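Down below is the structure, laid out as structure tokens.
Each chain gets a letter, A, B and so on, in the order the sequences are listed, and its residues count up from 1. Keep in mind the model is a prediction, meaning the values are calculated, not measured. These numbers come from the heavy atoms of this one structure, side chains and all, not from hydrogens, waters or symmetry mates.
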Amino acid sequence: MSEKLRILFMGTPDFACVTLRALCESNAGVVGVVTQPDKPKGRGYTLMPPPVKVYAEERGLPVYQPTTLKAGTEDGDAFALTLRELNPDLIVVVAYGKILPGYVLDYPRLGCVNVHGSLLPAYRGAAPMQRAIIDGCSETGITTMLMAAGLDTGDMLRKRVVPIGENDNFEDIHDRMAEVGAVLLLETVEGLVAGTITPEPQDDALATYAAKIEREDCALDFSRPAGEVHNRIRGLSPIPLSSAAMPGGKRVKILASLVADDRTPHEVPGEILSLDSTGEGRVEIACAVGSIYALRLLPEGKGRMSAADFIRGRRVAVGDIWG
RNA sequence: CGCGGGGUAGAGCAGUUCGGUAGCUCGUCGGGCUCAUAACCCGGAGGUCGUGAGGUUCAAAUCCCACCCCCGCAA
């Protein structure tokens, strides 16, 4: 990579961390890291630093955590000053979590490059990977782009396809995409510096949006075809996980599933059709069309367990109705 | 001091309300039946009931106190 390029990195979760690491290990000139402020997380609301901050500190990089970037605010103006001091040639943004105001977008000589988890212009927005899996796509990918004012509307720089297997879950795709994203970003920066990339505008007419995952997205609806139920389960696993209500009102989350049958119609969606406690076990749940096997579950208030253990604990009987 | 569930045999659980023989579904080991089996039958091993030489009691998994650890929700 180039000699003295000054790069400012902006990102927050593990996904971003992978790219930051690649950048650092390529000896690029990362002059600073901007990430979200520490937030109270988990039981007891312990203040937790974002993964990117943890890594940046290990690396000895200066870390900035403004609460807002908006001009006119205390933090925003302080950041504007910081930006001038750091004087980056390029800003790399990966899952940062805040909108970048115009003065930031316009600052770097080479622009702001974003790593996005979809093949743009499809799945613009917050949860492209989860939505692609939930929609049953057989492939998705990473796009690097030159950031513009709109939501993921910038000109595209590089793209790489990542296949989605029938039973891949969010974690599988997330990890694979994070690696691809890191590699693609490095290539993008290299090309940008060398001037060998021609930015390609997105066709807005083809744009689709991947809305943030909300609570309602996590409720399983067995009155859908088995394939759709399965896609939702894996698209939301292992975080935040989809769930169903059991008789008695308690909920179960389903971590992993398989499509058992995809054509037989069922009168009572959500009915438990069969239980098998041999091996890892499986719980067969009727969908409107077809059925699925739940393989790993998480009862409310308990830990994650195999279907076999779930059955041994007498938590379910054939004929129960989930929903 | 965000809300809540839990710690009992290798696993998942019941038993705690109202103290009184340590139980269930599996796994495991041995034997049997069978052409055969993840099926069935018989038998065995395996538990400091999270910790505290705590408290109450004739007696504590169960009631009281303190502490440790795990998990779900919410963010």
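With B:rA75, B:rG12, B:rG72 as the choices, the nucleotide that has an atom nearest any side-chain atom of A:Leu298 turns out to be B:rG72. Counting only heavy atoms from C-beta on, A:Lys41 has its side chain closest to B:rA75 among B:rU25, B:rA38, B:rA75. For A:Asp309, the side-chain atoms get nearest to B:rA11 when compared with the rest of B:rA11, B:rG72, B:rA75.
Nucleotides B:rA59 and B:rG15 have their P atoms positioned 26 Å apart, rounded to a whole Å. If you take atom C1' in B:rC26 and the same atom in B:rC40, they sit 16 Å apart, rounded to whole Å. Taking atom C1' in both B:rU16 and B:rG30, the straight-line distance is 36 Å, to the nearest Å. Separating the C1' atom of B:rG27 from that of B:rG44 is a span of 14 Å, rounded to the nearest Å. Going from the C1' atom of B:rA39 to that of B:rC33 covers 11 Å, rounded to whole Å. Nucleotides B:rC3 and B:rC41 place their P atoms 50 Å apart, quoted to the nearest Å. As rounded to the nearest Å, B:rG6 and B:rU21 have C1' atoms that lie 27 Å from one another. Spacing of C1' atoms, B:rU51 relative to B:rA60, comes out at 16 Å, to the nearest Å.
Taking atom CG on A:Leu295 and atom P on B:rG12, their separation rounds to 18 Å, with Å as the unit. Rounded to whole angstrom, the span from the NZ atom of A:Lys39 across to the P atom of B:rG2 amounts to 18 Å. Computed from coordinates, the A:Arg282 CZ to B:rG12 C1' distance equals 19 Å when rounded to whole Å. For the pair A:Glu280 CD and B:rG27 P, the computed distance is 13 Å after rounding to whole Å. For the pair A:Phe310 CZ and B:rG12 P, the interatomic distance rounds to 14 Å; values are reported in whole Å. Nucleotide B:rA75 holds its C1' atom 14 Å from the CD1 atom of A:Ile239, rounded to whole Å. For the pair A:Leu275 CG and B:rG12 P, the computed distance is 19 Å after rounding to whole Å. Note: CE (A:Met305) to P (B:rC26) measures 17 Å, nearest angstrom.
A residue-by-residue look at A:Leu241 and A:Lys250 shows that A:Lys250 has its nearest nucleotide of RNA chain B further toward the 5' end. Comparing A:Thr278 and A:Arg312 by the nucleotide of RNA chain B that holds the closest heavy atom to each, the one mapping nearer the 5' end is A:Arg312.
Within the 4.5 Å cutoff, the side chain of A:Val93 has no heavy atoms near those of the A:Val113 side chain. Residues A:Gln65 and A:Gln36 form no side-chain contact, since every pair of their non-hydrogen atoms from C-beta on lies 4.5 Å or further apart.
Counting non-hydrogen atoms under 4.0 angstrom, A:Gly42 reaches a base of the nucleic acid.
Using N1 to N3 plus N6-O4 or O6-N4 for Watson-Crick, or N1-O2 and O6-N3 for G-U wobble, each under 3.5 Å, B:rG43 pairs with B:rC29. For B:rA66, the paired base is B:rU51 (Watson-Crick or G-U wobble, both distances below 3.5 Å). B:rG72 is paired with B:rC3 under the criterion used here, namely a Watson-Crick or G-U wobble arrangement in which both key atom distances are under 3.5 Å.
Within the 4.0 Å cut-off from OP1 or OP2 of B:rG12, not a single side-chain nitrogen or oxygen of A:Arg314 is found. Within the 4.0 Å cut-off from OP1 or OP2 of B:rC70, not a single side-chain nitrogen or oxygen of A:Lys302 is found.
With hydrogens and angles left out, the side-chain atoms of A:Tyr96 and A:Asn114 include no donor and acceptor closer than 3.5 Å.
No donor-acceptor distance shorter than 3.5 angstrom exists from the side chain of A:Lys53 to the backbone of A:Val33, with no hydrogens or angles considered. Counting only distance, with no hydrogens or angles, the side chain of A:Thr143 and the backbone of A:Leu120 share a donor-acceptor pair below 3.5 Å.
A:Met305 is connected to A:Val283 through a chain of hydrophobic side-chain contacts under 4.5 Å among Ile, Leu, Val, Met, Phe, Trp and Tyr, so both are in one cluster.
Atom NZ of A:Lys70 has 12 or fewer neighbouring heavy atoms from other residues, nucleotides or ligands inside a 6.0 Å radius.
The base of B:rG72 sits within donor-acceptor range of the side chain of A:Arg43, with an N or O pair under 3.5 Å.
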